[in-house]
Protein chains: 2
Amino acid sequence: MASSRERRATAPTSQDVARLAGVSQSTVSYVLTGSRPISEATRERVEDAIAKLGYHPNSGARTLRSRRSGVIGLMVPEADGDDGALMTFVGSIAREARRHGYDILLVTAQEGAEGIRRVVRTGVCEALILMELDRIDERVPPVLESGLPFVTLGKPEEFPQGSVVDLDFEMLGRMVVERAIEEECDRLLLFGDPGRKRARNDVSRFLRGVEDVAQEAELEVVMDGGALAEVPARALRMTLPNQRTAMFGLSGVRQVLFAMAATRALVDDTRLLITLSGADLVDVSPLLAAVPQLDPRRVEISELAVRELVRLLRTDGASPRITLVEPRWIEG
Amino acid sequence: MASSRERRATAPTSQDVARLAGVSQSTVSYVLTGSRPISEATRERVEDAIAKLGYHPNSGARTLRSRRSGVIGLMVPEADGDDGALMTFVGSIAREARRHGYDILLVTAQEGAEGIRRVVRTGVCEALILMELDRIDERVPPVLESGLPFVTLGKPEEFPQGSVVDLDFEMLGRMVVERAIEEECDRLLLFGDPGRKRARNDVSRFLRGVEDVAQEAELEVVMDGGALAEVPARALRMTLPNQRTAMFGLSGVRQVLFAMAATRALVDDTRLLITLSGADLVDVSPLLAAVPQLDPRRVEISELAVRELVRLLRTDGASPRITLVEPRWIEG
DNA sequence: ATGAAAGCGCTAACAT
DNA sequence: ATGTTAGCGCTTTCAT
């Protein structure tokens, strides 16, 4: 086959823009970065030339020279099965980042500490957002070492060097218990094995909230560690006549719902499901007593995280902040 | 405040490695790129020095010089509510990309054609993976213009310039109808408004498969365009005594399940739910007749997409390919 | 208010 | 088998 035409048109450079605008190359750069005053006339000619050529500054050159890549690394956890919430975070973060002129580069949890070291040392990322950290996490030391600004989604025990944005899980725990009491339940069944997941910071904070309030009320808290499919049956079994069991899980809500339907053991006077989930569950009223509406919170948390990171990037010597977002009920 | 110590340690360069190994800087580069033979002794000294310094090549410099950024742009659709499948794709793509030495940069659908133009012109991405294209999509022209290799997840009508990896939706359509007939159903209710979504290529291919087989069988196909919450009630209403209705949806399966539970209108002899979903639904047997197990397919599709893109990147002048992945049943 | 020029850290052509 | 060197396209200091 003879070559009909060449493959890739090479992108215009600031040199090309300068030539077209009749200015020096550095002037183009100054117009772009705004790091020195430019006369209105010159700026206009440069901007026209930029538009005419469809010029975009070369990212490699810019990064090499300025040490700012315009890229934020996002450390995502392994998606275990069907976690829709995760994509809400990722999508909102990407959108908000673009709004501030940054791109998002994915770093999978699988890459571990070495992955962090890599994106930091190669200079691809100039800041990091960390999702779902363990309480002791191998990926934290390389982040601290790098000195890059970072924001954690999900509050670790102590983290004075980076900012934190998270849902107020302690408050959520208190809210769930209070709700169960209001609904005159005798027992709160926490499914999804929160006991064993206590190592996770969100879980431990949630449980702290639960225990705070449950202790002084007459509410028995049971942590279920078995299969999600059997949660409804177990709830039924542990509920004596004239009693009522509230059910709540930080995860696995859908599976439990399916299971309740499947076993034909639906919610009735003896059981109450308080669930934590997205907007799509609000319609399922007969099954639910109340849903803390978290989907908008997730977007809010994502946006706050990005804005906080941008603040750290722009303000030199800015100190980290902790931001907790309050959960809210949606009545079902 | 007096400065106690400087903030960020500057990363070692190939120059530092060269000095430590007692070779020239270019030799370090050749060891790294493997683009010329190096004696075993030299290679070893260089690699030792690299390890000792924790050296990683500067990404900006490498990109600027080689025009290869090592970054693949991933165009993700807007996550509408709780779409767990999406994150499965994104996660698997990121993992597989890393396995081949590439990073994934997110490009949200929201950015549109201009977003594509931007990542292409700035040179951040050297290849693209496109998810959920419309049949006529404004983002395609800039991709073609760029000349960059790309892979589409989800088959468009015609696309000779880029590769395609997708589920075989036509086969899925045929499978669903055949299954409904096997199960002695008189009617197939397609929920989630496939009629109006026919513009989407996967939907249109699915319907083509459905219609192919349904025509010659005695199966009535009804496309439901109403609220998902009322699908079970409508199915019940349209089913005469001694009849059976199969139900299937490409999306909204969970909502329909919830609705069936909520209205206490469960599956019985008159109705059969054939659903398209992840592994988490397999347990819900009484509700389901059969589940095409798609979660592993999604991982497979993601990995194939990345591998295909890598092939296009590595093999010069490689021609695009279409890869269709077969759906498979899982019995519930 | 603008221009000229240095150089960021690499890759790869051109040496030997 | 290795070294020397010329840039890639920007940002920014030093001129004017």
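Reminder, nothing fancy here: chain letters follow the sequence lines and each chain counts from 1.
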- Item | Under 3.5 Å donor-acceptor, B:R298 side chain and B:F89 backbone |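 No, because the side chain of B:R298 does not come within donor-acceptor range (under 3.5 Å) of the backbone of B:F89.
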
- Query: Within the distance-only criterion (no hydrogens, no angle test), does the side chain of A:S163 pair as donor or acceptor with the backbone N or O of A:P320 below 3.5 angstrom?
  - Reply: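 Not confirmed, A:S163 side chain does not pair with A:P320 backbone.
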
Atom-to-atom span, [atom1] of [X] to [atom2] of [N] - whole angstrom:
| X | N | atom1 | atom2 | result |
| --- | --- | --- | --- | --- |
| B:R67 | C:dC10 | CZ | P | 17 Å |
| B:R19 | C:dC10 | CZ | P | 12 Å |
| A:L53 | D:dG9 | CG | C1' | 15 Å |
| A:E44 | C:dA1 | CD | C1' | 16 Å |
| A:R121 | C:dG9 | CZ | P | 13 Å |
| B:Q15 | C:dG7 | CD | P | 14 Å |
| A:R68 | C:dC8 | CZ | P | 17 Å |

- Query: When you check the phosphate oxygens OP1 and OP2 of D:dT2, does a side-chain N or O of B:S39 lie under 4.0 Å from one of them?
  - Reply: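 Checking D:dT2 against B:S39, a side-chain N or O does come within under 4.0 Å of OP1 or OP2.
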
When you measure from the side chain of [X], which nucleotide among [options] comes out closest?
| X | options | value |
| --- | --- | --- |
| A:L64 | C:dG9, D:dT13, D:dA1 | C:dG9 |
| A:S24 | C:dG9, C:dA4, D:dT2 | C:dA4 |
| B:R36 | C:dT11, D:dT2, C:dG9 | D:dT2 |
| B:T27 | D:dT2, C:dT11, C:dA5 | D:dT2 |
| A:R65 | D:dC8, C:dG7, D:dT2 | C:dG7 |
| B:S26 | D:dT5, D:dT2, D:dG9 | D:dT5 |
| A:Q25 | C:dT2, D:dT2, D:dC10 | D:dC10 |
| A:S14 | C:dG9, D:dC10, D:dT12 | D:dC10 |
| A:N58 | C:dG3, C:dG9, D:dC10 | D:dC10 |

Check this for me: does the side-chain of [X] come within 3.5 Å of the base of [N] through a donor and an acceptor?
| X | N | value |
| --- | --- | --- |
| B:Y30 | D:dT4 | no |
| A:S29 | D:dT11 | no |
| B:R62 | C:dG9 | no |

- In this structure, which one of B:V140, B:L144, B:L312 forms a side chain to side chain contact (heavy atoms under 4.5 Å, CB included) with B:F150?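 Going through B:V140, B:L144, B:L312 one by one, the side chain to side chain contact (heavy atoms under 4.5 Å, CB included) with B:F150 is satisfied by B:L144 alone.
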
So what does [X] touch, heavy atoms closer than 4.0 Å: a base, only the sugar-phosphate, or nothing?
| X | answer |
| --- | --- |
| A:V28 | nothing |
| B:T63 | nothing |
| A:I38 | sugar-phosphate |

- Query: Say you draw a straight line from OG of A:S24 to CZ of A:R19; how long is it, rounded to the nearest 0.5 Å?
  - Reply: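 The OG atom of A:S24 sits 12.5 Å away from the CZ atom of A:R19.
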
- Hey, what do you get for CG (A:L167) to CG (A:L153), rounding to the nearest 0.5 Å?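 The CG atom of A:L153 is 10.5 Å from CG of A:L167, to the nearest 0.5 Å.
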
- All heavy atoms of B:I72 vs all of B:C125, minimum pair found to be C-SG, 4.3 Å

- Query: Considering only heavy atoms from C-beta outward, does the side chain of A:V310 approach that of A:V306 to under 4.5 Å?
  - Reply: yes

- Query: Is there a side-chain contact between A:M75 and A:L128, using heavy atoms and a 4.5 Å cut-off?
  - Reply: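 No; the side chains remain at least 4.5 Å from each other.
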
- Query: Roughly how bent is the helix from C:dA1-D:dT16 to C:dT16-D:dA1 end to end, in steps of 10 degrees, with each end axis from five pairs?
  - Reply: 40°

